[in-house]
Peer 1: 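Before we start, here is the structure in question, set down as structure tokens.
No experiment lies behind these values; they were computed from the predicted model shown. Residue numbers begin at 1 in each chain, while the letters A, B, ... track the order of the sequences.
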Amino acid sequence: MTRSSVRHTIFKTRWGHFGLALNADALCRTLLPIGDREQARTALLAHPDLADLDVPFEKDLARTLQQHVVAYFEGENPDFSTDPPVDLARRGFFARQTLAACRQIPFGQTRSYSQLADEAGRPGAARAVGTAMAQNPIPLIVPCHRVVRADGALGGFSALGGTTTKQRLLRHEQDLGRNSTS
DNA sequence: CAGCACTAATTCA
DNA sequence: TGAATTAGTGCTG
């Protein structure tokens, strides 16, 4: 594994500082916005996947993606569904299927864990979908915040900020959807 | 083999 | 009715 080619960047968005880590050209981690640049760097690199590696900072890394993420928090709707290839090599087959299915959920919409299990070809595996989402290394780009419980409850969220962040992201998208309808 | 970001059915106020 | 509990569930470490 060419572990030495992993690089990262941190940039400012309307919600705070956002982190990206790429292995060659494939996105391997994202970090949801957090207060300051140094916090973001620490949180991003603290993950076990990256902990023992040298992951140099590169300001213009994945420049286009950076712009899209900034745009997202400005209230636009960039398409993350295909653009950056994603490094899921270390995930299991099922997790890759569900994360791929999750990535197709359109902006402003939600699915339940069981619906996603169906779409991934594993009906009944709702609980396992939860596990897969919990391991999602790239929140936002794979919009795991759009996966909620079948009974209407929020469900969990283990990325930065917990369920509070999940709710905030969903409301952010729903507010925008209201603007464009009518 | 135990533990989950779940769910549908059942049981209690 | 509606909230709380209970089996049942498929995958992962």
Side-chain angles (χ1 to χ4, degrees), chain A residues 1-3 6 13 15-21 23 26-35 39-40 42-53 55 69 72-73 77-78 80-82 84-177:
Chain A
M1 192 64 70
T2 61
R3 304 153 72 86
V6 181
T13 74
W15 285 22
H17 288 80
F18 195 98
L20 294 175
N23 185 0
L27 190 56
C28 57
R29 296 208 66 84
T30 61
L31 180 85
L32 263 25
I34 191 174
Q39 278 179 312
T42 304
L44 178 67
L45 301 183
H47 192 276
D49 284 359
L50 305 175
D52 292 327
L53 279 54
V55 183
V69 171
Y72 175 91
F73 290 108
N77 174 14
F80 294 128
S81 67
T82 54
V86 153
D87 177 14
L88 296 174
R90 62 175 60 236
R91 264 75 206 176
F93 178 75
F94 176 80
R96 282 202 296 274
Q97 295 288 305
T98 45
L99 289 170
C102 175
R103 199 175 182 186
Q104 303 308 314
I105 303 175
F107 184 98
Q109 296 191 20
T110 62
R111 296 284 184 279
S112 73
Y113 293 91
S114 66
Q115 279 177 323
L116 209 52
D118 292 345
E119 288 172 24
R122 299 295 192 291
R127 199 158 189 179
V129 169
T131 308
M133 294 301 116
Q135 307 298 333
N136 177 20
I138 45 178
L140 189 66
I141 309 306
V142 168
C144 60
H145 59 278
R146 298 181 188 143
V147 186
V148 298
R149 292 179 49 132
D151 61 11
L154 249 201
F157 197 68
S158 50
L160 197 54
T163 54
T164 306
T165 300
K166 184 173 185 173
Q167 186 140 50
R168 195 169 162 212
L169 287 167
L170 288 173
R171 191 164 51 217
H172 174 71
E173 299 187 2
Q174 281 161 15
D175 288 348
L176 293 179

Peer 1: How far apart are the closest heavy atoms of A/F80 and A/L140, and which atoms are they?
Peer 2: CD1-O, 4.1 Å
Peer 1: Rounded off to whole Å, could you give me the CZ-to-P distance for the A/R149 and C/dA4 pair?
Peer 2: 13 Å
Peer 1: Between A/L31 and A/H47, is any pair of side-chain heavy atoms under 4.5 Å apart?
Peer 2: no
Peer 1: Output a table of nitrogen or oxygen pairs between the protein and nucleotides 9-13 of chain C separated by less than 3.5 Å.
Peer 2:
{"from": "C/dC11", "atom 1": "OP1", "to": "A/R122", "atom 2": "NE", "distance (Å)": "3.4"}

Peer 1: Do you know which two heavy atoms are closest between A/F94 and A/A125, and how far apart they sit?
Peer 2: CZ-CB, 4.0 Å
Peer 1: Quickly work out the A/D151 CG to B/dA5 C1' distance and round it to whole Å.
Peer 2: 13 Å
Peer 1: Let me know the distance between CG of A/L154 and P of B/dC6, rounded to the nearest Å.
Peer 2: 11 Å
Peer 1: Please report the interatomic distance CG(A/L32) to NE2(A/H17), rounded to the nearest 0.5 Å.
Peer 2: 14.5 Å
Peer 1: Go ahead and name the base partner of C/dA3; Watson-Crick or wobble counts if both distances stay under 3.5 Å, otherwise write none.
Peer 2: B/dT11
Peer 1: Using whole Å, report how far CG of A/L116 lies from C1' of B/dC4.
Peer 2: 16 Å
Peer 1: Report the distance from atom CZ of A/F157 to atom P of B/dC6, rounded to the nearest whole Å.
Peer 2: 14 Å
Peer 1: Does the side chain of A/F73 come within less than 4.5 Å of A/L169's, by heavy atoms?
Peer 2: yes
Peer 1: Going by purine N1 to pyrimidine N3 plus the second Watson-Crick contact, or the G-U wobble pair, all under 3.5 Å, which nucleotide sits opposite C/dT9?
Peer 2: none
Peer 1: In this structure, how many angstroms lie between the C1' atom of B/dT7 and the CE atom of A/M133, rounded?
Peer 2: 17 Å
Peer 1: Taking the side chain as everything from C-beta on, heavy atoms only, tell me whether A/C144 gets closer than 4.5 Å to A/L99.
Peer 2: no
Peer 1: Using a cut-off of 4.0 Å on non-hydrogen atoms, how would the nucleic acid contact of A/A134 be classed: base, sugar-phosphate, or nothing?
Peer 2: base
Peer 1: Describe the nucleic acid contact of A/S112 in one word from base, sugar-phosphate, nothing, applying a heavy-atom distance below 4.0 Å.
Peer 2: sugar-phosphate
